[in-house]
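Every value quoted in this text rests on a predicted model; they were computed, and no experiment measured them. For the numbers below, each heavy atom of this structure counts, side chains included, while hydrogens, waters and symmetry mates do not. Letters A, B, ... are given to chains in the order of the sequence lines, protein chains preceding strands, and every chain is numbered from 1.
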Protein chains: 2
Amino acid sequence: MIKKLKKLGLKLTPQRLAILNLLEGNTKHPSAEEIYKQLKPQYPSLSLATVYNTLEVLARAGELQEIRINADKRHFDPNPAPHTHFLCRICESVHDLDAGPIEIQAPYNINGYLVEEFTLYFYGICPGCLERERSKNQ
Amino acid sequence: MIKKLKKLGLKLTPQRLAILNLLEGNTKHPSAEEIYKQLKPQYPSLSLATVYNTLEVLARAGELQEIRINADKRHFDPNPAPHTHFLCRICESVHDLDAGPIEIQAPYNINGYLVEEFTLYFYGICPGCLERERSKNQ
DNA sequence: TTATTAATTTATAATAATTATAAATTGATA
DNA sequence: TATCAATTTATAATTATTATAAATTAATAA
């Protein structure tokens, strides 16, 4: 990971390492604000702008991916490989969701449109909220 | 269309009729701002808030659909039936794009997640911008 | 080890789409 | 035609994100 940053010609700053470290293996798909709030106690000088800058740089370098499943805010996934996501409309959590093989392979041409990438997002209710609803309605 | 509004218990206002009329058969997928600017000359008292309110009401009634393909702003489509869209990263225009049959049928359950709806968005370069790029690079 | 410098961080302001508010207006009904 | 709830309107508030510019710092070379 450190090697990757260097390879990209990026400076190794404590802020970047902290953000990378927080995201490593993280399956919660946090927003920039959430990342900021979680790191702030440990890095009191941390600025929200730095979080945005770092996420932007890392996303452009292909080290993570931005998830635009929520109209209100972006979420971030340390796994840059294309895969599908699910947004719960009750608790607003974002989950990985394997919907089986998806045959779309970008880039390709369709009706004269050059398709470079695509997003497939699922919306509904997550298992936790389904359970909670079930308990309530008893 | 007028019948539909009445059926929904919605008042028949000139603003609503104007917005519906503008969208009818419109394949440009305008944003709220664009709808507002187009109608303002003819309806000088029109407020942007009214455009948002009306679009919200009509979308909730299933008379049109919101397209969240662009991170910056929503677009609106008079066709409420599920179909796929394309966003050009050069001119930012939104187009209908038939990507062949999509087998996903909401609602259904996958891994304990209740999937109620999904979106499939394509990103790339539209035919017009491809042509323009081609001319430039000659 | 230290000086240099370009990259980065930081605090803060700006932006822009959307939503909330509350007063004024109006469509639908009796 | 009067009534009233629904709607419109102007405007302020909200909120995520981006821009700005000064201060700081990581990396490099002397």
Separation of C:dT18 P from B:K73 NZ (nearest whole Å): 8 Å

Separation of D:dT15 P from A:E92 CD (nearest whole Å): 13 Å

Could you tell me whether the phosphate oxygens of D:dT9, OP1 or OP2, come under 4.0 Å of any side-chain nitrogen or oxygen in B:S45? yes

Is there a side-chain polar atom (N or O) of B:Q15 under 4.0 Å from OP1 or OP2 of D:dT9? yes

Could you grab the distance from atom CG of B:L64 to atom CD of B:E24, nearest 0.5 Å is fine? 11.5 Å

Pairing of B:E133 and B:K136 as salt bridge, 4.0 angstrom limit: yes

Are any of B:T50's side-chain N or O atoms less than 4.0 Å away from OP1 or OP2 of D:dT9? yes

Any pair counted as side chain to side chain donor-acceptor pair (under 3.5 Å), so long as it reaches residues 68-80 of chain A, sequence neighbours left out: A:H29-A:D77, A:E66-A:R74, A:N70-A:E92, A:D77-A:H83, A:D77-A:H85

Figure out the NE2/P separation between B:H75 and C:dA17, and round it to whole Å. 10 Å

Does any residue of residues 32-41 of chain B have a heavy atom under 4.0 Å from DNA chain D, and if so, which ones, in number order? none

Polar atom pairs between nucleotides 2-4 of chain C and protein, under 3.5 Å, N or O only, would you list them?
none

Any base atoms under 4.0 Å from B:P44, or only sugar-phosphate, or nothing? Heavy atoms, all strands. nothing

Can we say A:K28 and A:E34 salt-bridge, meaning some charged N sits less than 4.0 Å from an Asp/Glu carboxylate O? no

Rounded distance in Å - CG (A:L46) to P (D:dT24): 17 Å

Would you mind reading off the distance between B:N70 atom CG and D:dA16 atom P, rounded to a whole angstrom? 18 Å

Quick check on the hydrophobic clustering: are B:L48 and B:F76 connected, directly or via other members, by side-chain heavy-atom contacts under 4.5 Å? yes

Who passes side-chain hydrogen bond (donor to acceptor under 3.5 Å, both in side chains) against A:Y121, sequence neighbours left out? none

Would you confirm whether A:N26, through its side chain, and A:L22, through its main-chain N or O, come within 3.5 Å as a donor-acceptor pair? yes

Using a cutoff of under 3.5 Å, can you pull out all pairs of nitrogen or oxygen atoms linking the protein to nucleotides 18-22 of chain D, with atom names and distances?
{"from": "D:dT18", "atom 1": "OP2", "to": "A:R74", "atom 2": "NH2", "distance (Å)": "2.8"}

Ring-plane angle category for A:F118 and B:F122, please: parallel below 30°, perpendicular beyond 60°, tilted otherwise. tilted

NZ (A:K37) with more than 12 external heavy atoms under 6.0 Å: no

Between P on D:dT25 and CZ on A:R16, what's the gap in Å once rounded to a whole number? 15 Å

Drop me the distance from B:T50's OG1 to B:L55's CG, to the nearest 0.5 angstrom. 10.5 Å

Starting from A:L130, can I reach A:V94 by hopping between I/L/V/M/F/W/Y residues whose side chains sit under 4.5 Å apart? no

Just verifying a value: how many Å separate B:S47 OG and B:Q15 CD, rounded to the nearest 0.5 Å? 9.5 Å

Write down the distance between OH (A:Y43) and C1' (D:dT25), rounded to a whole number of angstrom. 16 Å

Give each protein N/O atom lying under 3.5 Å from an N/O atom of nucleotides 27-30 of chain D, with the pair distance.
{"from": "D:dA27", "atom 1": "OP1", "to": "A:L12", "atom 2": "N", "distance (Å)": "3.1"}

Test your reading of the model: is there a side-chain donor-acceptor pair from A:R16 to the backbone of A:K11, 3.5 Å cut-off? yes

Give the cluster check for B:I35 versus B:I69: same hydrophobic cluster or not, with ILVMFWY residues linked at side-chain heavy-atom distances below 4.5 Å. no

